[in-house]
Chemist: 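Just dropping this structure here.
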Amino acid sequence: MKYDFNTVETKWQKKWEEAKVFNATEDHSKPKFYALVEFPYPSGAGMHVGHIKAYSGLEVVSRKRRMQGYNVLFPIGFDAFGLPTENYAIKTNTHPRIVTDKNIANFTKQLKRVGFSFDWSRVIDTTEEGYYKWTQWIFRKMFDNGLVFRAKTLVNYCPNCKVVLSNEDSQGGKCDVCHSDIIQKSKDVWYLRITEYADKLLDGLNKVDYLPNIKLQQQNWIGRSEGAFVNFKLTGCEDELRIYTTRCDTMFGATFMVIAPEHPIIEKNRNIIKNIDELDRYKEECQKKTEFERTQLTKDKTGVRIDGINAVNPANGKEIPIYISDYVMMGYGTGAIMAVPAHDERDYEFAKKFGIDIIEVIKGGNIDEGAYTGDGEMINSDFLNGIKTKKEAIDRMLKYLAEKGIGEKGIQYKMKDWAFNRQRYWGEPIPIIHCPNCGMVGVPYEELPLKLPELKNFEPGEGGESPLAKIDSFVNCKCPKCGHDAKRETDTMPQWAGSSWYFLRYCDPHNDKEFASKESLKYWLPVDWYNGGMEHVTRHMIYSRFWHHFLYDIGEVPVDEPYAKRTAQGLILGPDGDKMSKSKGNVVDPLDVVKEYGADVLRIYVLFMGDYASATPWNESSVRGCKRFLDRIASLPDIAHGNGSTPELESSFHKTIKKVSSDIEDTKYNTAIAALMTLLNEITDKGSLTVDELKIFIKLLCPFAPHICEEIWESLGEKNFVSLASWPEYDEEKTKDNEIEIAVQVNGKLKSTIMVSVEASAADALELAKKDEKVIASIEGKHIVKEIYIPGRIVNIVVK
RNA sequence: GCUCUCGUGGUGGAAUUGGCAGACACGAUGGAUUUAGGAUCCAUUGCGAAAGCGUGCAGGUUCAAGUCCUGUCGAGAGCACCA
């Protein structure tokens, strides 16, 4: 059978759509399987091969589950708010709505042409009013529950995009969208209190099945640390200085203190501090440095001693100096530290540079060379002397601090509250009204969605205010509480808002009374398997887990953790081994591949090319290899006769069913396909197979290359879709061989192989091995020290 | 700098988790077919003439190490002075 893939593939795509083969049903009596892939941002460039790989994994799993009788929800949608569309709209003077619709139409066409088995009746678009109504609704619930607050603070600001960015969006001091240097700017910012959920997000990781590196990244991001808060008395002023430390055991070694340049204690004591001008100048210098510069200069410590105020070490009563330095951040802990140069590398560098005393309090290092951060016996520490472990010393010190009433245990997180507003047009308007009498008031629930007003000019203002601020009819309103003239908030939500709950909407996407019905949520949640990119592990996933935990706490969803399992696909690199990019000219367009080789080949190739989780370069020749494989499949019906099979081939079928079934579950799609290739080679060598065997082969291949499988299935006289046929079962007994070849080693070196029965005893196997000529040659005249037989594996004879 | 992951043929990658290293595929070489090219089919393909040697390098544990341990070099990812 030679076939024209273009005709055949579009034929089956049409039939699937007409018969609604892949629509999830609301038959809640069936076992469910909810497979989720990260919905795409509909960029103007269209689909990328990376999308194909990202979706093909769970595509295979979903198709297998349907064949196993599950009610499968495998949805798709579009995460369409965001800067690229808005920037394009500004540049071309087209409304972002029009741009978005066009891009979504293009993506839809492309996705359908690859034959993904998405449930197209549940498509969502985060920019639709019927969708963002509920994004705003959830925000309002958070507002009602005290999880939203506004503060004027120094924030990460991108001067190019003219927006405030969250910490997550400004990693490395660069804007996540345009890669410009971030500056620190004082602005009014809306925050979501994600830190309140830090422990829940951390604990939740214990009950989910995420890849280990994904869990680790989330743990590091949340960055919980246990330590102590301690109050240091000051000389020269009335205040106390509160610090956070994880090493209160080293307090006898604290020979100075450091506070952040912005620490409020400086402002408060301007009149007392003798060198205030010098401190002001230093502070100004620090603010001029971008975050990037600050991190580049980690080696070179700078700072200024505060003249006029000293601190008292509460452990030993000694007076110690206080410095300001930018290696202490206002945003973590209390913005002040006790510095223990003998046992902290940063404090050590600082002390060396400023000539401060270094007192060793833990044995084990050499303080002439550097700080010692390991464990050891406590010395020079009064009541701690002689204690051998860090834990014991910390406990003892905490007890001391409690007795004196100057300190207590404390917990800190690296994660900060989520800066949630953007000064942009193409996002969900924040449903808040500023009233001169009532302060911040939520837009009433019945008025949601708060619609994005029509606008001609989408450019943000020079002062960094939202384009919405220019529309008086939008801004001016009445306070819902007191009726007084009031003003609307004009900032919009960040790109991450819509994607924080989209998997809930898929459960019941057309509901206009609730974001999803309780019954549908109860049935479909949690997501059984979520696959996506590593780049979303610390942002999208943390954000959406936070929203979900919140919804769970207010009784809106039935489970606390939204994703039972999470995997991640590796990148597809360009043929040159570099990351694909337009500037390098190494981008592969998936639709070109479909045109030349067909969708089945594209699908097989992205899964066969290598380990699913690893980055793998594109290889055009290897694509042709996959084409060859499918061409050989197409001619299989020519040799499928009704005649009996052989026991060997039958056994191979059972083994292959077992291997393909388990490999799909383990995301080892490459070896699953390799197993099918091996079986095909065996069939070709033999020259024939039965029609029943061919049907099994087609079913196994169907999740990977469904179009050609449907075509062959139909040619065999089947009336129904192979996509809905039953997944093949295997007989464990038939996967086992009666006789197997095992290796024979002498002193661990392979000498020969022998055929033994699986039931053979150690004595039988060894006897057989010792009859082998090559083995005899190796052991002749030598003394046998030890004989090992691992059933089914190996014989090893140790001789001297 | 810290944390994590990974180093296997000419290439992408396998290896039931300590048990015959190199499955499967690409590429290459030779042959068949063809006017020719392409496509297809057959054979060979880790290195070495061979005994042997081979999983970045150096040690170690073990009857047995790609797999475990120690050190070291290299690549990638994440974090970025987190007290």
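Please read these numbers as outputs of a predicted model, since none were measured by experiment.
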Chemist: Thinking salt bridges, do A/Lys658 and A/Glu732 make one under a 4.0 Å N-O criterion?
Modeler: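 Salt bridge: yes.
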
Chemist: Choose from B/rC63, B/rG78, B/rA21 the nucleotide whose nearest atom is closest to any side-chain atom of A/Leu750.
Modeler: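 Closest nucleotide to the A/Leu750 side chain: B/rA21.
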
Chemist: Under 4.0 Å between any heavy atoms, over every strand shown, what does A/Asp347 touch: base, sugar-phosphate, or nothing? Just pick one.
Modeler: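 Counting heavy atoms under 4.0 Å across all strands, no contact is made by A/Asp347.
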
Chemist: On RNA chain B, check which nucleotide each of A/Gly335 and A/Ile790 is closest to and give me the residue with the more 5' one.
Modeler: A/Ile790

Chemist: Have a look at A/Asn213 and say if it touches a base, only the backbone sugar-phosphate, or nothing, with a 4.0 Å heavy-atom cut-off.
Modeler: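 Since no nucleic acid heavy atom lies under 4.0 Å of A/Asn213, the category is nothing.
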
Chemist: Using a heavy-atom cut-off of 4.0 Å across all strands, would you classify A/Gly625 as base, sugar-phosphate, or nothing?
Modeler: sugar-phosphate

Chemist: On RNA chain B, does the nearest nucleotide to A/Lys751 precede the nearest nucleotide to A/Lys659 from the 5' side, or the other way round? Give the residue.
Modeler: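 Nearest nucleotide further toward 5': that of A/Lys659.
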
Chemist: Distance alone, cut at 3.5 Å: any donor-acceptor contact between the side chains of A/Asp666 and A/Tyr612?
Modeler: no

Chemist: Could you state the CD1-P distance from A/Ile794 to B/rA65, rounded to the nearest angstrom?
Modeler: 10 Å

Chemist: Applying the Watson-Crick and G-U wobble criteria at under 3.5 Å, what pairs with B/rA64? Answer none if nothing qualifies.
Modeler: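 None - no nucleotide pairs with B/rA64, as no candidate has both distances under 3.5 Å.
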
Chemist: With a 4.5 Å limit on heavy-atom distance, are the side chains of A/Thr302 and A/Tyr282 in contact?
Modeler: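 A/Thr302 reaches A/Tyr282 side chain to side chain.
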
Chemist: Taking any strand in view, what nucleotide pairs with B/rU55 in a Watson-Crick or G-U wobble way, both distances under 3.5 Å?
Modeler: none

Chemist: Between A/Ile411 and A/Ser225, is there a side-chain heavy-atom distance shorter than 4.5 Å?
Modeler: no

Chemist: B/rC26 P sits how many Å from A/Asn619 CG, rounded?
Modeler: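 The answer, rounded to whole Å, is 10 Å.
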
Chemist: Taking atom C1' of B/rC42 as reference, at what distance in whole Å does atom CG of A/Asp685 sit?
Modeler: 11 Å

Chemist: Looking at A/Lys668, does any N or O in its side chain come under 4.0 Å of the phosphate oxygens OP1/OP2 on B/rA15?
Modeler: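 It does, given that an N or O in the side chain of A/Lys668 lies less than 4.0 Å from OP1 or OP2 of B/rA15.
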
Chemist: Which whole number of Å gives the distance between the P atom of B/rU55 and that of B/rC47?
Modeler: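 So the two P atoms sit 15 Å from each other.
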
Chemist: So what does A/Phe608 hit on the nucleic acid, given a heavy-atom distance under 4.0 Å: a base, only sugar-phosphate, or nothing?
Modeler: base

Chemist: Determine the contact category for A/Ala675: base if any of its heavy atoms lies under 4.0 Å from a base atom, sugar-phosphate if only primed atoms, P, OP1 or OP2 are that close, otherwise nothing.
Modeler: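 The answer is nothing, as A/Ala675 stays clear of every strand by at least 4.0 Å.
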
Chemist: Report the distance from atom CD of A/Gln218 to atom C1' of B/rA77, rounded to the nearest whole Å.
Modeler: 16 Å

Chemist: Should the ring pair A/Phe229 and A/Tyr244 be called parallel, tilted or perpendicular, given that the plane angle runs from 0 to 90° and is split at 30 and 60?
Modeler: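 Correct class here is tilted.
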
Chemist: Does the side chain of A/Thr671 get closer than 4.0 angstrom to OP1 or OP2 of B/rA23 through an N or O atom?
Modeler: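 For B/rA23, OP1/OP2 do not have a side-chain N/O of A/Thr671 under 4.0 Å.
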
Chemist: Ignoring backbone atoms, test whether A/Arg628 places a side-chain nitrogen or oxygen under 4.0 Å from the OP1 or OP2 oxygen of B/rU40.
Modeler: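 Answer yes for this pair, as a side-chain N or O of A/Arg628 is under 4.0 Å from OP1 or OP2.
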
Chemist: Expressed as a whole number of angstroms, how long is the span from A/Glu345:CD to B/rA83:C1'?
Modeler: 12 Å

Chemist: In whole angstroms, how far is the C1' atom of B/rA80 from the CH2 atom of A/Trp221?
Modeler: 10 Å

Chemist: OP1 or OP2 of B/rU11 versus the side-chain N and O atoms of A/Ser622: is any pair under 4.0 Å?
Modeler: no

Chemist: Base, sugar-phosphate, or nothing: which does A/Gln412 touch, judged by heavy atoms less than 4.0 Å apart?
Modeler: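 Contact class for A/Gln412: none.
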
Chemist: Whole angstrom is fine here: how far is it from NZ in A/Lys749 over to P in B/rC63?
Modeler: 15 Å

Chemist: So what does A/Leu216 touch, heavy atoms closer than 4.0 Å: a base, only the sugar-phosphate, or nothing?
Modeler: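 The residue A/Leu216 makes sugar-phosphate contact but no base contact.
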
Chemist: Kindly indicate whether the side chain of A/Gln745 and the base of B/rC20 share any N or O donor-acceptor pair separated by less than 3.5 Å?
Modeler: no

Chemist: Less than 4.0 angstrom between a side-chain N/O of A/Asn681 and OP1 or OP2 of B/rA25, yes or no?
Modeler: yes

Chemist: Does A/Tyr332 have A/Lys414 sitting over its ring (NZ/CZ under 6.0 Å from centre, angle to axis within 45°)?
Modeler: no

Chemist: Report the base-pairing partner of B/rA49 (Watson-Crick or G-U wobble, both distances below 3.5 angstrom), or none.
Modeler: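 Across all strands, not a single nucleotide pairs with B/rA49.
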
Chemist: A/Thr753 near the nucleic acid: base, sugar-phosphate alone, or nothing, with a heavy-atom cut-off under 4.0 Å?
Modeler: base

Chemist: Which base sits across from B/rA39 as a Watson-Crick or G-U pair, both distances under 3.5 Å?
Modeler: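 By the stated definition (distances under 3.5 Å), nothing pairs with B/rA39.
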
Chemist: Counting only Watson-Crick pairs (N1-N3 plus N6-O4 or O6-N4) and G-U wobbles (N1-O2, O6-N3), all under 3.5 Å, who is the partner of B/rU11?
Modeler: B/rA25

Chemist: Applying a 3.5 Å limit to both distances, which nucleotide forms a Watson-Crick or G-U wobble pair with B/rC4?
Modeler: B/rG76

Chemist: Going by an N to O cut-off under 4.0 Å, is there a salt bridge joining A/Glu787 and A/Lys770?
Modeler: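 Yes.
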
Chemist: If the cut-off is 4.0 Å, is A/Asn670 near the phosphate of B/rA14, judged by side-chain N/O to OP1 or OP2?
Modeler: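 For B/rA14, OP1/OP2 do have a side-chain N/O of A/Asn670 under 4.0 Å.
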
